[in-house]
Amino acid sequence: MDPQAFIRLSIGSLGLRNIGIEVSTGKSGIQRLSSSSYVCEIRLRGFPVQTSPVPLITSADVLHTQNSTSSFYLEESDLKALLAPGCFYNPHAYLEIIVFSGKKGSHCGVSVKRQQIGVFKMQVGPEWCEGKSLILFNGWIGIGKNKHENGKPGAELHLKVKLDPDPRYVFRFEDITTSSPQVVLLQGSIKQPIFSCKFSKDRVSQIDSLSTFWSGSNDESDLEGGRRERKGWKVKIHDLSGSAVAAAFITTPFVPSSGCDWVARSNPGAWLIVRPDVGGSESWQPWGKLEAWRERGIKDTICCKFHLLSEPQDRDNFLMSEIHINAEKGGEFFIDTEKHMRTVTSATSPVPSPQSSGDFGALSPVVAGFVMSCRVQGEGKRSKPLVQLALRHVTCVEDAAIFMALAAAVDLSIEACKPFRRKIRRGFRNT
């Protein structure tokens with residue numbers, strides 16, 4: 001299998017010093033901004049703006065130079081777009097980091113607006129396309145226009161900007177998952193068949209000894225209008241020889257929660273993602289658990305929550321991703337350990353240890369970052385999932401197969417979370 005070239009642009013080691021900025025609070029005096037009152041917006045043309053806090057560094061503070069604050073992943077087409085000449089007013093593309101005084105506030109009914117402290121700009125250059133590790137900047141740089149009253153320099157920003165190659169395998173399901181499509185590897189215009197996907201829907205969900213593993217406690221007595229459930233769905237991923245190398249099974253049926261007509265967070269449906277056990281044919285080893293439910297709102301979303309499982313007898317699990325996908329338009333499910341560590345503290349999410357090459361368990365600087373992504377369409381659309389998988393997590397074809405099973409489960413969860421039609425009771429039909 002041949003990967004496609006991607007690069008990872010990381011921005012980290014952020015720190016701020018020599019601020020000397022004061023915010024007036026009226027006649028009552030002067031209020032200095034606290035060390036937690038600074039944020040930055042990280043911008044790169046064509047990508048969503050990312051926001052990160054910036055710590056205030058004093059002489060007694062230690063700057064953590066290993067932390068990564070933000071990352072952008074660029075493929076060849078992204079680099080071409082960034083290097084292409086822009087409009088008259090903006091001919092070049094830049095990485096911009098705009099630092100602001102933090103949270104908006106008020107004093108005596110008068111609002112205190114966020115203030116811009118300074119801007120760091122770096123032009124995108126041809127060295128970005130060389131495909132090798134490169135430190136673009138590392139150290140302190142002045143970003144403030146004003147100086148202190150004692151003549152010392154104004155605000156300074158510390159940051160580290162680095163490029164690293166991050167090749168990926170790109171797979172695509174050639175048809176909708178329920179049609180048991182072929183899965184191909186994309187390399188430019190070349191499509192290489194790698195897997196076949198077999199979807200089936202059983203009336204009774206019984207999967208060897210795993211039928212009760214991680215099963216929920218759906219109470220069918222709460223269902224309105226009789227038995228309404230989506231269960232018994234399973235997807236098997238086969239290699240080119242026809243051997244099953246991964247699978248996904250519904251273990252907790254998708255049913256409407258009590259008092260509503262959709263799969264709610266209080267009672268989600270669940271998939272078990274499995275890989276072949278050394279015990280023999282049709283013997284499976286649990287690898288991951290995917291829960292899914294519907295969030296109602298102005299725009300409904302499907303929430304997919306993925307846990308990595310450890311040894312079956314322990315039944316420990318590690319939250320790796322929780323993504324909301326637009327129910328109508330679709331979206332992207334992804335696993336990125338770096339983003340996960342920035343949003344979940346170690347106190348609430350234990351750090352898993354590596355089990356095997358496909359378990360991507362160690363959240364260390366060596367393996368931190370992007371793991372996989374899966375782009376799917378919304379409800380009622382012909383979704384042909386597009387899957388990207390980091391090269392460093394694949395040592396054999398079987399490692400890639402388990403992620404294809406997870407991608408299939410994500411795609412099918414969009415359909416499984418569709419609202420159930422209520423049965424109209426006699427005597428309540430409108431005339």
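Start at 1 with the first residue, then count along the sequence. Model, not experiment: these values are computed from the prediction.
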According to salt bridge (Lys or Arg N to Asp or Glu O under 4.0 Å), who are the partners of [X], at least two apart in sequence or on a separate chain?
X: E415; value: K418
X: E130; value: K132
X: D239; value: none
X: K381; value: none

**OP:** Tell me, with the steps shown, if W293 and E295 meet side chain to side chain donor-acceptor pair (under 3.5 Å).
**Re:** CA-CA 7 Å; W293 64 89; E295 297 278 2; 2.8 Å; yes

Value rounded to 0.5 Å, distance of [atom1] in [X] from [atom2] in [Y]:
X: L83; Y: Q123; atom1: CG; atom2: CD; result: 9.0 Å
X: E41; Y: T51; atom1: CD; atom2: OG1; result: 5.0 Å
X: I414; Y: R294; atom1: CD1; atom2: CZ; result: 9.0 Å
X: L159; Y: S52; atom1: CG; atom2: OG; result: 11.5 Å
X: F199; Y: K234; atom1: CZ; atom2: NZ; result: 10.5 Å

Subject >> ring pair (Phe, Tyr, Trp, His ring centres under 6.0 Å) partners of F6, counting only residues at least two apart >> reply: none

**OP:** For residues W287 and F403, establish whether the separation of their ring centroids is below 6.0 Å.
**Re:** yes

**OP:** State whether the number of non-hydrogen atoms from other residues, nucleotides or ligands found under 6.0 Å of E174 atom CD is greater than 12.
**Re:** yes

Original post:
Backbone N or O of A81 within a donor-acceptor pair of the R45 side chain at under 3.5 Å?
Top reply: yes

Subject >> Single hit among V397, L391, D399 for side-chain contact (heavy atoms from CB on, under 4.5 Å) with T395 >> reply: D399

Contacts under 3.5 angstrom, residues 324-333 side chains, donor-acceptor by atom type, not counting sequence neighbours:
unit_1: H324; atom_1: ND1; unit_2: T301; atom_2: OG1; d: 3.3
unit_1: N326; atom_1: OD1; unit_2: E328; atom_2: N; d: 2.9
unit_1: N326; atom_1: OD1; unit_2: K329; atom_2: N; d: 2.8
unit_1: E332; atom_1: OE2; unit_2: S373; atom_2: OG; d: 3.4

**OP:** Please determine if R8 forms a cation-pi arrangement with F370, meaning its NZ or CZ atom is less than 6.0 Å from the six-membered ring centre and no more than 45° off the ring axis.
**Re:** no

**OP:** Answer yes when K384 and D411 have at least one side-chain N-carboxylate O distance shorter than 4.0 Å, and no when they do not.
**Re:** no

